[in-house]
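Structure first, commentary second.
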Amino acid sequence: DRASRSGSWNIRNLFETVELDGKTLLIVGFGRIGRRVAELAQAFGMKALAHDPFVPVEMMMEFGATPIADLHDGLAKADYVTLHMPPLKGYLIGAKELAAMKASAILVNAARGGLVDELALEDFLEPADLQTDSRLRAPHRLARSRKALQIGDGDEGAQHIGRQIVVAHPRPRLWDH
């Protein structure tokens, strides 16, 4: 908004692109949406891995995904991890799972809240990991965290972070939907 109002129209040219062909996507939760994501990932030339203890291995293979029984094995292999599960009694992604991910991995929580332990995520992030062009939804608790506020001016800095977190190397990139 600020860039548009100040006439900085070239901001749209600053978006970083990523080559998906040959990358590995771990789909956690292989229901209707997870299956569709597998199809789309393959259309982009990605290798789809699937983790869902409630879906038969044969169905995963039918949709072109490689079944992954152990979540931590899948996290270690994936360039991208996308969550498509209903809420659980506990967290699916905590400190141990974040540490298991590749340093360059991107986590997308496309499911309802509660799957990612936000306190563990906050502890996992360092102020330098949060890029100032990142976006966290302002109502999201991480937008108001100590570490997010360290990169901005109080509430304005947290709101500038606005929609999603992007984490720089050497830690996993995290995009919270």
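These values consider heavy atoms only, across backbone and side chains, with no hydrogens, waters or symmetry-generated copies.
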Legend entry - Spatial distance of atom CG (Leu49) from atom CG (Leu71) [nearest 0.5 Å]: 11.0 Å
Legend entry - Nearest heavy-atom neighbours spanning His51 and Ile68: ND1-O, 2.9 Å
Inset, instruction - Tell me whether Val28 is reachable from Val57 by hopping between hydrophobic residues (I, L, V, M, F, W, Y) whose side-chain heavy atoms are closer than 4.5 Å. - result: no
Inset, instruction - Not counting sequence neighbours, list each pair that qualifies as a salt bridge (Lys or Arg N to Asp or Glu O under 4.0 Å) and has a residue in residues 61-82. - result: Asp79-Lys102
Can you list, pair by pair, the side-chain donor-acceptor contacts under 3.5 Å of residues 89-99, counting residues two or more places apart and other chains?
{"from": "Glu97", "atom 1": "OE1", "to": "Gly94", "atom 2": "N", "distance (Å)": "2.8"}
{"from": "Glu97", "atom 1": "OE2", "to": "His72", "atom 2": "NE2", "distance (Å)": "3.1"}

Legend entry - Value rounded to 0.5 Å, distance of CE in Met85 from CG in Leu115: 7.0 Å
Legend entry - Check: Val116 and Leu83 side chains under 4.5 Å, non-hydrogen atoms: yes
Inset, instruction - Can you sort out the partners of Asp117 under side-chain hydrogen bond (donor to acceptor under 3.5 Å, both in side chains), two or more places apart, ordered by chain and number? - result: none
Legend entry - Sidechain-backbone polar pair: His84 side chain, Gly29 backbone, donor-acceptor under 3.5 Å: no
Donor-acceptor contacts under 3.5 Å from residues 31-46 side chains, at least two apart:
{"from": "Arg35", "atom 1": "NH1", "to": "Phe30", "atom 2": "O", "distance (Å)": "3.3"}
{"from": "Arg36", "atom 1": "NH1", "to": "Glu39", "atom 2": "OE1", "distance (Å)": "3.2"}
{"from": "Gln42", "atom 1": "NE2", "to": "Ala38", "atom 2": "O", "distance (Å)": "3.0"}
{"from": "Gln42", "atom 1": "NE2", "to": "Phe63", "atom 2": "O", "distance (Å)": "2.7"}

Legend entry - Minimum heavy-atom distance between Thr82 and Ala110, given as atom pair plus value: OG1-CB, 4.3 Å
Legend entry - Phe54: hydrophobic cluster co-members (side-chain, 4.5 Å): none
Legend entry - Pairwise side-chain contact, Met60 with Asp52, heavy-atom cut-off 4.5 Å (strictly under): yes
Legend entry - Nearest heavy atoms of Met101 and Leu107, plus distance in Å: CE-CB, 3.9 Å
Inset, instruction - Output every pair passing salt bridge (Lys or Arg N to Asp or Glu O under 4.0 Å) with a member in residues 17-28, not counting sequence neighbours, ordered by first then second residue. - result: none
